[in-house]
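Some notes on the structure that comes next.
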Amino acid sequence: MRQVNLGIIGGGTVGGGVFQAIQRNGPLMSCRLGVQLHVARVAVRDLRKKRAVKIPAALLTTDWQSVVADPAVNLVVELMGGTTTARQVVLAALKLGKPVVTANKALLSAHGEELFEAAQKSGANLYYEASVAGGIPIIKVLREGLIGNRITRLYGIVNGTCNYILTRMKNEGADFGEVLADAQKLGYAETPPDLDVDGHDAAHKTGILASLAHGFWVNPKQIHVEGIRQITSLDIQFATQLGYTIKLLGVVKQNETTTGPKRNGCAPVQVSVYPALVPNSHVLASVNGVFNAVFVRGDVVGDTLYYGRGAGQDATASAVLSDLADAALDLKCGTKSRIPPFVPHERDGTVLPMDEVVSRYYVRLNVVDKPGVFARIATVLAKSKIGISSIIQPEGHAGETVPVILMIHDAPNSAMRNALARISKLGAVKGEPVMIRVESFE
Ligand code: NAP
Ligand code: HSE
């Protein structure tokens with residue numbers, strides 16, 4: 001095989017980026033691979049739509065089925081998004097024995113097991129480098145580079161939109177809604193952007209990374225997800241004063257202790273997404289804007305870090321091109337599934353329930369400024385066996401209520417949640433307490 005004909009489904013931000021990148025670096029890739037990548041057809045929804053990246057009209061169609069079925073197309077690239085038609089596209093291509101490249105993390109999160117099984121049955125491969133962390137080749141890192149390691153910790157800033165919003169809120173005091181609109185204009189955000197700001201996109205990606213790291217497919221329903229809507233500029237300011245930066249983190253942790261709980265012979269794995277206070281001394285605190293970073297600790301290699309643009313046309317196109325190269329080489333060499341899309345290796349693995357996850361916390365309360373209030377709050381925490389590491393009542397907040405910041409020692413999530421529910425009922429505490437986890441990266 002000297003030429004691979006691509007059928008691309010989707011000519012939007014990512015599809016347009018892939019088309020453009022092939023025009024730009026196709027000759028370079030064909031030199032490196034000994035195979036030419038040729039865009040044969042592109043399916044879109046609306047032929048009359050104005051496109052930032054021009055795709056010749058002769059290549060365009062609205063009929064994805066005809067693209068997938070076209071005998072001249074040997075590789076299908078799903079870049080349309082969503083989980084319904086996209087699932088049909090991938091299954092139809094695999095059924096025809098055609099390999100598929102996708103950037104669709106929502107699709108993998110919802111239907112990964114079914115799609116991997118279909119790939120295995122058909123003998124055609126499914127490639128998904130662009131589904132996590134934009135241009136960072138993190139899927140290759142976990143599947144190949146770190147194959148000889150047990151992964152004990154993985155922390156990821158894996159949503160470019162949220163990181164862009166949090167960075168601009170911190171650096172410019174910018175308004176959440178305005179920055180989100182900018183992220184949409186720049187092509188970073190999902191449709192709808194709630195997928196980003198409510199943490200679901202990060203959960204799709206964290207689930208994929210956790211599944212690869214631990215060898216069992218993580219059910220998305222078991223991932224604890226919190227987004228960034230509740231993060232206020234007041235919390236960002238207090239975090240800064242305390243030496244922290246707030247980041248939306250995907251967290252995958254396995255504590256392999258002899259005394260800890262084990263289920264089915266394996267230590268359960270924490271898989272969660274939440275905003276966290278990251279100490280400014282930690283490298284993840286300085287990952288700004290649309291950049292993503294994934295910190296991975298392996299038992300052989302130790303700590304490693306991967307950094308790059310996490311969203312947008314070119315970064316994502318770069319990851320798709322890397323999959324196109326792998327797929328083209330597999331087609332050229334007849335090695336259809338050199339590395340299958342997902343190989344279960346810890347089939348009995350389980351996800352640690354969030355209630356059992358232990359962490360440190362930042363808590364902000366609005367309290368009536370009168371004697372005895374701290375004592376009542378401290379009593380509730382003490383009864384729940386929760387220790388306070390510091391209490392701060394920042395000056396200069398005169399009014400009916402004042403903010404109080406509590407930094408809390410390690411405590412299980414369930415105990416913390418119950419204690420806060422009781423604290424919120426105290427007469428002197430107004431409004432809902434704000435609770436943000438503090439990550440220590442131990
Ligand atoms: P997008 O700009 O909305 O593009 C979607 C494309 O799919 C459009 O060209 C649209 O056609 C086409 N399409 C939708 N339904 C179709 C149908 N039924 N038949 C044929 N074509 C159809 O989205 P995107 O940002 O490129 O994202 C695409 C995928 O990449 C998603 O899975 C997303 O999660 C993932 N991803 C995106 C980024 C990013 O930074 N944007 C990064 C990593 C991964 P029209 O153009 O005619 O509307
Ligand atoms: N909406 C996603 C993000 C795109 O902002 O990270 C990249 O996957």
Side-chain angles (χ1 to χ4, degrees), residues 7-20 41-55 60-68 76-90 92 101-110 128-136 138-139 156-167 179-180 182-206 208 227-228 248 250 273 289-294 308-320 323:
I8 304 181
I9 316 299
T13 303
V14 182
V18 168
F19 184 80
Q20 187 168 255
R41 303 186 62 189
V42 180
V44 293
R45 198 168 22 198
D46 177 1
L47 291 176
R48 284 176 304 177
K49 191 171 178 176
K50 278 211 160 176
R51 297 179 189 283
V53 174
K54 289 220 163 34
I55 301 173
L60 292 177
T61 173
T62 53
D63 180 4
W64 67 262
Q65 278 156 318
S66 73
V67 175
V68 171
V76 173
V77 190
E78 183 281 301
L79 302 173
M80 66 185 296
T83 57
T84 310
T85 312
R87 172 176 164 270
Q88 293 168 359
V89 168
V90 175
V101 171
T102 180
N104 194 335
K105 52 271 166 156
L107 176 69
L108 290 175
S109 174
Y128 51 98
E129 185 60 70
S131 67
V132 183
I136 306 173
I138 190 67
I139 302 290
I157 294 176
V158 288
N159 186 270
T161 303
C162 288
N163 206 43
Y164 177 79
I165 294 173
L166 290 172
T167 303
V179 192
L180 173 59
D182 286 348
Q184 287 176 286
K185 275 187 223 139
L186 289 163
Y188 302 157
E190 298 299 310
T191 315
D194 308 28
L195 282 171
D196 295 293
V197 295
D198 292 330
H200 302 296
D201 177 77
H204 297 152
K205 294 165 174 169
T206 304
I208 293 170
I228 62 162
L248 184 72
V273 169
V290 74
F291 279 83
N292 280 191
V294 187
R309 282 182 192 279
Q313 190 159 63
D314 295 341
T316 314
S318 166
V320 172
D323 276 348

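Whatever order the structure lists ligands and atoms in, that order sets their numbers, starting from 1. Counting begins at 1 with the first residue of the sequence.
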**Item:** Close approach of Gly11 to ligand 1, heavy atoms, under 4.0 angstrom
**Value:** yes
**Request:** May I ask you to identify, for Ala86, whether its side chain, its backbone, both or neither come under 4.0 Å of ligand 1 on a heavy-atom basis?
**Result:** neither
**Item:** Heavy-atom check, side chain of Thr167 versus side chain of Val179, under 4.5 Å
**Value:** no
**Request:** Identify, for atom 12 (C) of ligand 1, the protein heavy atom at the shortest distance, and state residue, atom and that distance.
**Result:** Gly10 CA, 3.8 Å
**Message:** Can you list everything that forms a side-chain hydrogen bond (donor to acceptor under 3.5 Å, both in side chains) with Asp201? Sequence neighbours excluded, please.
**Reply:** Lys105, Asn159, Lys205
**Item:** Amino acids contacting ligand 2, non-hydrogen cut-off under 4.0 Å
**Value:** Lys105, Val158, Asn159, Gly160, Thr161, Tyr188, Ala189, Glu190, Asp196, Asp201, Lys205, Gly310, Ala311
**Prompt:** Out of Asp46, Val14, Val132, whose heavy atom sits nearest atom 47 (O) of ligand 1?
**Reply:** Asp46
**Message:** To check your reading of the model: name the closest protein heavy atom to atom 32 (O) of ligand 1, its residue, and the distance in Å.
**Reply:** Gly81 CA, 3.2 Å
**Message:** Which residue is it: Thr206, Val132, Ile157, Ile138? I am looking for the one with a side chain to side chain contact (heavy atoms under 4.5 Å, CB included) to Val294.
**Reply:** Ile138
**Asked** For atom 36 (N) of ligand 1, which protein heavy atom lies nearest, and how many Å away is it?
**Response** Lys105 NZ, 3.5 Å
**Message:** Please check: side-chain N/O of Thr316 versus main-chain N/O of Ala130, any donor-acceptor pairing under 3.5 Å?
**Reply:** no
**Request:** Record the part of Arg51 in heavy-atom contact with ligand 1 below 4.0 Å; permitted values are side chain, backbone, both and neither.
**Result:** side chain
**Item:** Top protein contact for atom 15 (N) of ligand 1, by heavy-atom distance
**Value:** Met80 CE, 3.4 Å
**Request:** Look only at the side chain of Asp323 and the backbone of Glu129, and say whether a donor-acceptor pair between them is shorter than 3.5 Å.
**Result:** yes
**Message:** Which of the numbered atoms in ligand 1 are under 4.0 angstrom from any heavy atom belonging to Leu79?
**Reply:** 5 (C), 6 (C), 7 (O), 28 (C)
**Item:** Closest protein heavy atom (residue, atom, distance) for atom 35 (C) of ligand 1
**Value:** Ala103 O, 3.4 Å
**Closest to atom 42 (C) of ligand 1 among Thr102, Thr191, Thr316, Thr62 (heavy-atom distance)** = Thr316
**Prompt:** Counting each atom of ligand 1 from 1 as listed, which ones have a heavy atom of Ala130 under 4.0 Å away?
**Reply:** 43 (C), 44 (C)
**Fill in**
the protein heavy atom lying closest to atom 34 (O) of ligand 1 turns out to be Glu190 OE1, 2.7 Å
**Asked** To which protein heavy atom is atom 23 (O) of ligand 1 closest, and what is the distance rounded to 0.1 Å?
**Response** Thr13 N, 4.6 Å
**Message:** Looking at atom 30 (O) of ligand 1, tell me if a protein heavy atom falls under 4.0 Å from it.
**Reply:** yes
**Message:** In the complex you have, is atom 4 (O) of ligand 1 within reach of the protein, judged by whether a heavy-atom distance drops under 4.0 Å?
**Reply:** yes
**Message:** Taking 4.0 Å as the limit for heavy-atom contacts, which would you say applies to Arg45 with ligand 1: side chain only, backbone only, both, or neither?
**Reply:** both
**Prompt:** Judged by atom type as modelled, is there a donor-acceptor pair below 3.5 Å linking the side chain of Asn163 to the main-chain atoms of Gly289?
**Reply:** yes
**Message:** Quick test: of every protein heavy atom, which one is nearest to atom 41 (N) of ligand 1, and how far off is it to 0.1 Å?
**Reply:** Gly187 O, 3.1 Å
